[in-house]
Amino acid sequence: MILVTRQSGRKNLHQRQNGVTAVEFAFVAPVVLALVFGVFELSRVTMVQQALTNAAREGCRTATLATTRSTIKAEANLRDRLEGIVYGQNDPTNVRVEFDPADLSTIESQTPITTTIEISYVDISLLPGWILGDSQLHVAVTMERE
């Protein structure tokens, strides 16, 4: 005669629940990780977008000063603001900066000056380039000459 104890039945049930837990984790883990990395990537893009906006404001403000006759000083000031935020901030192929008008020596007071910064999303993202394609972050700031 074989006696089945309650203990052996519970052990078998516990082993089956461990298997179910592992399968559930295998289904849920990729979704949770994708959400976490998505939030991280979105936060990074927002941080870089804000840094680009602040740098464009600073560069445009320098360009609007009556004593500024060239965009060289304004662009250097702008690129200094991006140090530590954007890798290769001094490389014109990574961070493209444009001033409109390009010649500040002949413009008069109250003339609008626009500073534009553009950077490829691939240059700041942790995701592979083939996922993002040719996405760009673009910031433009306009101020009037003093």
- Query: Does CG belonging to Leu35 count more than 12 external heavy atoms closer than 6.0 Å?
  - Reply: yes
- Leu137 and Val45: side chain to side chain contact (heavy atoms under 4.5 Å, CB included), yes or no, with the steps? CA-CA 9 Å; Leu137 287 177; Val45 169; 4.1 Å; yes
- Heavy atoms, side chains only, cut-off 4.5 Å: are Pro101 and Ile113 in contact? yes
- Task: State the CD1-CD distance between Ile117 and Glu98, to the nearest 0.5 angstrom.
- Result: 11.5 Å
- Message: According to a hydrophobic-cluster definition based on side-chain heavy atoms being under 4.5 Å apart (Ile, Leu, Val, Met, Phe, Trp, Tyr only), do Leu52 and Val141 belong together?
- Response: yes
- Message: I'd like to check Arg61 versus Leu65 (side-chain heavy atoms, cut-off strictly below 4.5 Å). Are they in contact?
- Response: yes
- Give the cluster check for Val97 versus Ile107: same hydrophobic cluster or not, with ILVMFWY residues linked at side-chain heavy-atom distances below 4.5 Å. no
- Query: Looking at CD of Glu75 and CG of Asp80, how far apart are the two atoms once the value is rounded to the nearest 0.5 Å?
  - Reply: 11.0 Å
- Message: If I take atom NZ from residue Lys73 and atom OG1 from residue Thr71, how far apart are they, to the nearest 0.5 angstrom?
- Response: 12.5 Å
- Reported CD1-to-CD1 distance for the pair Ile85 and Ile119, which is rounded to 0.5 angstrom: 11.0 Å
- Can you tell me if Arg79 uses its side chain to pair, donor with acceptor, with the backbone of Val95 under 3.5 Å? yes
- Looking at NE2 of His138 and CD of Glu118, how far apart are the two atoms once the value is rounded to the nearest 0.5 Å? 6.0 Å
- Smallest heavy-atom separation, Leu82 atom then Ala51 atom, equals CD2-O, 3.7 Å
- Message: For Arg145, is the CZ atom crowded, meaning more than 12 foreign heavy atoms sit under 6.0 Å from it?
- Response: yes
- Note on the structure: Phe99 and Ala74 have their tightest heavy-atom pair at CZ-CB, 3.7 Å
- Counting N and O atoms only, with roles assigned by atom type, does the side chain of Ser109 sit under 3.5 Å from a partner on the main chain of Glu146, one being a donor and the other an acceptor? yes
- Query: Do Leu78 and Val48 share a hydrophobic cluster (ILVMFWY, side-chain heavy atoms under 4.5 Å, transitive)?
  - Reply: yes
- Task: Of all the heavy-atom pairs spanning Thr142 and Pro112, show the shortest one and how long it is.
- Result: CG2-CB, 3.9 Å
- Any chance you could measure Glu58, atom CD, to Asn54, atom CG, to the nearest 0.5 Å? 9.0 Å
